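A quick write-up on the structure given underneath.
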Amino acid sequence: MTPARLIAGLLCGLAVVSTEAGAGDAKAGRKSAIACQTCHGLDGVSKLPEAPNLSGQVEPYLVKALTEYRDGVRRNEIMNVVAKPLSDGEIADLAAYYASIQVDVLPPG
């Protein structure tokens, strides 16, 4: 296999992964996010100091984190319980919703 074909194959694989990662429905995720708002806020801005902000996070990261909480790979007493009943589709929807929230960062000044 030539290097060009190898690179083309890898790029095609990345395109498939990117498409799958973007498969969530942000509108459905917003409805599901109501259950998350106590700690993370409906807008993804944390209401508790120990809960991270979710708005503006990249979708693949959120899918990975929620899946790991659901499967017990990542440990957090609250998140393991909350994520346990989530389907892959619900996780994708939540990730799409939080990733779709625009975050503006302003320099100090």
Side-chain angles (χ1 to χ4, degrees):
M1 182 178 284
T2 66
R5 288 188 105 173
L6 179 61
I7 291 171
L10 290 171
L11 290 175
C12 286
L14 288 174
V16 169
V17 169
S18 296
T19 301
E20 290 174 3
D25 178 349
K27 286 184 181 181
R30 179 177 169 78
K31 290 178 186 173
S32 297
I34 291 171
C36 309
Q37 71 182 348
T38 300
C39 298
H40 299 287
L42 185 57
D43 58 359
V45 177
S46 175
K47 305 303 180 204
L48 302 173
E50 56 277 345
N53 293 331
L54 300 179
S55 58
Q57 290 283 358
V58 293
E59 203 167 329
Y61 169 77
L62 291 170
V63 168
K64 182 178 187 306
L66 280 171
T67 301
E68 289 178 352
Y69 282 126
R70 179 191 66 196
D71 297 344
V73 174
R74 189 181 265 197
R75 296 275 183 202
N76 177 279
E77 190 175 330
I78 295 170
M79 284 304 300
N80 291 132
V81 172
V82 171
K84 187 77 172 165
L86 295 175
S87 69
D88 288 343
E90 290 168 322
I91 287 173
D93 293 346
L94 283 165
Y97 169 64
Y98 284 116
S100 73
I101 299 171
Q102 181 179 341
V103 177
D104 295 325
V105 179
L106 304 173

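All figures in this text were calculated on a predicted structure; none of them were measured in a lab.
Once rounded to the nearest 0.5 Å, the distance linking CG of Leu66 with CG of Leu54 reads 8.0 Å. Rounding to the nearest 0.5 Å places SG of Cys36 at 4.0 Å from OH of Tyr98. Thr67 OG1 to Lys64 NZ: the interatomic distance, rounded to the nearest 0.5 Å, is 9.0 Å.
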Test log, rule side-chain contact (heavy atoms from CB on, under 4.5 Å), inputs Arg70 and Asp88 | CA-CA 10 Å; Arg70 179 191 66 196; Asp88 288 343; 2.7 Å; yes
Would you check, one step at a time, whether the test side-chain contact (heavy atoms from CB on, under 4.5 Å) holds for Asp93 with Arg30?
-> CA-CA 8 Å; Asp93 293 346; Arg30 179 177 169 78; over 6 Å; no
Step by step, work out the side-chain contact (heavy atoms from CB on, under 4.5 Å) result for Lys27 and Lys31.
-> CA-CA 7 Å; Lys27 286 184 181 181; Lys31 290 178 186 173; over 6 Å; no
side-chain contact (heavy atoms from CB on, under 4.5 Å) evaluation trace for Leu94 with Leu86 | CA-CA 10 Å; Leu94 283 165; Leu86 295 175; 4.1 Å; yes
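Nearest heavy-atom pair across Ala51 and Ser46 is O-OG, 2.5 Å. Across every non-hydrogen atom of Ile101 and Asp43, the tightest pair is CD1-O, 3.3 Å. Nearest heavy-atom pair, Tyr97 versus Gly29, reported as atom, atom and distance to 0.1 Å: CB-C, 3.7 Å. Heavy atoms only, all atoms of each residue included: Arg74 and Tyr69 are closest at CD-CZ, 3.2 Å. In terms of heavy-atom proximity, Ser55 sits nearest to Val103 at O-CG2, 3.4 Å. Minimum interatomic distance between Asn80 and Arg75 (heavy atoms only, all atoms of both residues): OD1-CA, 3.5 Å.
The same ILVMFWY cluster, assembled from side-chain heavy atoms under 4.5 Å apart, contains both Ile34 and Leu62. Each of Val45 and Leu42 belongs to its own hydrophobic cluster when Ile, Leu, Val, Met, Phe, Trp and Tyr are linked at side-chain heavy-atom distances under 4.5 angstrom.
Other residues, nucleotides and ligands contribute over 12 non-hydrogen atoms within 6.0 Å of the CD atom of Glu50.
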